[in-house]
> 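Handing you this structure, nothing more for now.
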Amino acid sequence: MNIFVAKLNFKTRKEDLQAAFEQFGEVSSAKIVLDRDTKRSKGFGFVEMPNDNEALQAIAALNEKELDGRVIVVKPANPKPANNY
DNA sequence: GCTGAGCGT
């Protein structure tokens, strides 16, 4: 299950995201979307969880919750956009 | 060094 995480603190890193979600289940990968030029966080990211029910629990538990001092938004992600680099 | 909606280099 792909999970979309928004309104992250700009200093939050991908490992911080993964650590937060691992409390509720297995996390295969976590990612913070960085700006292509400045490499700074765009303030949102994605988390991949193999187990769907654990993913839903993690979403329910972390949505509207606080991470690194910021209230984040967690919801199922949309399909990946087409590769147009 | 900075900002604050929203879906990925």
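Below, all heavy atoms of this structure are taken into account, side chains as well, without hydrogens, waters or symmetry copies. Just so we're on the same page: letters track the sequence lines, and every chain starts at 1.
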> Mapping A:E48 and A:R70 to their closest nucleotides on DNA chain B, which lands nearer the 5' end?
A:R70
> Please list, by residue number, the residues of residues 20-44 of chain A whose heavy atoms come closer than 4.0 Å to an atom of DNA chain B; answer none if no residue qualifies.
A:K31, A:V33, A:L34, A:R36, A:R40, A:K42, A:G43
> Could you tell me how far apart A:K7 (NZ) and B:dA5 (C1') are, to the nearest whole angstrom?
8 Å
> Expressed in angstrom and rounded to an integer, what is the separation of A:K75 atom NZ from B:dG8 atom P?
14 Å
> Does some side-chain heavy atom of A:N9 sit less than 4.5 Å from a side-chain heavy atom of A:L67?
no
> Which whole-number value in Å describes the distance from A:D68 CG to B:dG4 P?
18 Å
> Measure CG/A:N2 against C1'/B:dG8 and give the value in whole Å, please.
10 Å
> Looking at A:I59, A:V5, A:V74, which hits side-chain contact (heavy atoms from CB on, under 4.5 Å) with A:V47?
A:V5
> Base, sugar-phosphate, or nothing: which does A:L8 touch, judged by heavy atoms less than 4.0 Å apart?
base
> Going by the salt bridge (Lys or Arg N to Asp or Glu O under 4.0 Å) test, which pairs reach into residues 26-36 of chain A, not counting sequence neighbours?
none
> Show me the pairs that pass ring pair (Phe, Tyr, Trp, His ring centres under 6.0 Å) and involve residues 39-64 of chain A, at least two apart or across chains.
A:F4-A:F44, A:F4-A:F46
> So if I take every side-chain heavy atom of A:A6 and compare against B:dG6, B:dG4, B:dC7, which nucleotide ends up nearest?
B:dG6
> Name all pairs fulfilling the salt bridge (Lys or Arg N to Asp or Glu O under 4.0 Å) condition that reach into residues 3-13 of chain A, sequence neighbours left out, sorted by first residue then second.
A:K11-A:D68, A:R13-A:E15, A:R13-A:D16
> What pairs of residues pass the salt bridge (Lys or Arg N to Asp or Glu O under 4.0 Å) test when at least one of them lies in residues 38-49 of chain A, not counting sequence neighbours?
none
> To the nearest Å, how far apart are A:F4 CZ and B:dG6 P?
9 Å
> B:dG4 C1' sits how many Å from A:L67 CG, rounded?
15 Å
> Over how many whole Å does the gap from A:L17 atom CG to B:dG8 atom C1' extend?
13 Å
> For the base of B:dG8, is there a side-chain donor-acceptor partner from A:N78 under 3.5 Å away?
no
> Quick one: name the residues clustered hydrophobically with A:V73, using the 4.5 Å side-chain heavy-atom rule over I, L, V, M, F, W, Y, and just say none if it's on its own.
none
